[in-house]
Amino acid sequence: AVPTPDFILDLRRFIGTRPLFLTGVTAVVIRGDEVLLGRRSDNNALTPVTGIVDPGEEPADAAVRECREEAGIGVRAVRLALVHQLPRTTYANGDQSDYLDLTFRCRWISGDPFPADGEMTDVAWYPADPLPAEIGPEMRRRITAALAPDAEARFEGGR
C-alpha cells in the first residue's frame, strides 16, 4: 500500500474523513523516445511517478523528490505540462481528498529505475509511441500533455 504522509495523518485527526484539498504531482520522465512507467503496489495500474506536495515544498521539487523516492532516479523538471482538478477520491476508510494535479515533463538525468520505496512493484522504460494499451485514460492524458512539444501548460476551465 502507498503510505500516507504524516502531515495528512495529522490533519485527519482534526477533520476526520471530510474532504482534504491536496496538491499532487505527476512526473512524466522522458529518456530519448522512452517514458518511465511503474506498476503501483496499491492497484496494479501502470502509471508515471505520482505523489503529494509536502507543505512548503515547490511542486517541481516534489516531482523530482518523488522520482528519487519511488524509482531511485535523478530527474530535472523541465516544464509544467498540465494543471487540472481530479474528481473527488474516497478511500476505503472513508477519507475524502480533492487533488489538484500538476503534471511535469521531466528529463532523466541519472540512475537505473527500480521500485525504491515499495510504492511501485516494478519500474521500467517503455516506448513513448505507442504507449502501452493498458494505461488508463486519465494517465494517458497526463503523459500525452507532457510528451507534446507545446511550450505552454494545458489547463482545464477558464475558457
Side-chain angles (χ1 to χ4, degrees), residues 2-5 7-8 19-91 95-111 113 115-117 119-120 122-159:
V2 176
T4 303
F7 82 91
I8 293 175
L20 186 57
F21 303 96
L22 298 168
T23 302
V25 292
T26 301
V28 178
V29 182
I30 299 166
R31 182 182 77 174
D33 58 0
E34 298 175 309
V35 64
L36 184 77
L37 299 172
R39 196 157 301 280
R40 290 178 55 109
S41 60
D42 61 347
N43 63 13
N44 208 37
L46 191 62
T47 74
V49 171
T50 61
I52 296 171
V53 179
D54 288 337
E57 184 178 33
E58 288 290 339
D61 293 342
V64 170
R65 174 182 53 77
E66 290 288 350
C67 288
R68 185 178 59 253
E69 290 177 358
E70 292 185 20
I73 61 170
V75 305
R76 172 165 298 147
V78 294
R79 80 171 170 91
L80 181 62
L82 178 66
V83 177
H84 68 298
Q85 182 69 40
L86 302 180
R88 178 162 294 157
T89 301
T90 302
Y91 295 96
D95 287 354
Q96 299 174 67
S97 296
D98 291 331
Y99 291 98
L100 175 67
D101 177 72
L102 306 175
T103 297
F104 288 91
R105 177 184 177 122
C106 297
R107 184 174 64 245
W108 172 82
I109 295 175
S110 63
D117 67 0
E119 290 192 38
M120 296 202 177
D122 184 48
V123 185
W125 297 106
Y126 289 80
D129 187 22
L131 289 169
E134 71 177 282
I135 295 174
E138 171 60 35
M139 289 300 172
R140 184 171 296 274
R141 185 169 92 164
R142 298 180 202 184
I143 296 167
T144 300
L147 291 173
D150 309 353
E152 300 84 16
R154 299 177 185 186
F155 60 93
E156 301 298 318
R159 302 192 203 309

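Values below: all heavy atoms of this structure, side chains included; hydrogens, waters and symmetry mates excluded. Source: prediction; values computed, not measured.
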So T103 and D101, side chain to side chain donor-acceptor pair (under 3.5 Å) or not? Walk me through it.
CA-CA 6 Å; T103 297; D101 177 72; 2.6 Å; yes
If I compare all heavy atoms of I52 with all of E57, which pair ends up nearest, and what's the gap?
O-OE1, 4.4 Å
I73 side, atom CD1; I109 side, atom CD1 - distance, nearest 0.5 Å
9.5 Å
Can you tell me how far CD of E70 sits from OG of S41, rounded to the nearest 0.5 angstrom?
9.0 Å
Salt bridge D98-R88, side-chain N to carboxylate O under 4.0 Å:
yes
Flag for T26-R142: side-chain donor and acceptor within less than 3.5 Å
yes
Before accepting this row, confirm whether a basic side-chain N of the pair E134/R140 lies closer than 4.0 Å to the acidic partner's carboxylate O.
no
Any side-chain to backbone donor/acceptor pair from Q96 onto L20? Under 3.5 Å, distance only.
no
Which atom pairs, donor and acceptor, lie under 3.5 Å between side-chain atoms of residues 31-38 and protein residues at least two apart or in another chain?
from, atom 1, to, atom 2, distance (Å)
R31, NE, E34, OE1, 3.2
R31, NH2, E34, OE1, 2.8

Can you sort out the partners of E69 under side-chain hydrogen bond (donor to acceptor under 3.5 Å, both in side chains), two or more places apart, ordered by chain and number?
R65
Rounded to the nearest 0.5 Å, how far does CD1 of I143 lie from OH of Y126?
11.0 Å
Would you say R40 and T50 make side-chain contact, with heavy atoms under 4.5 Å?
yes
Nearest 0.5 Å please: distance from the CZ atom of R39 over to the CG atom of N44.
5.0 Å
Considering non-hydrogen atoms only, spot the tightest contact between A77 and A60 and give its length.
CB-CB, 4.0 Å
Would you name the heavy atoms of G111 and W108 that are closest together and state the gap between them?
O-NE1, 2.9 Å
On a heavy-atom basis, which atom in C106 and which in A27 lie closest, and how many Å separate them?
SG-CB, 3.9 Å
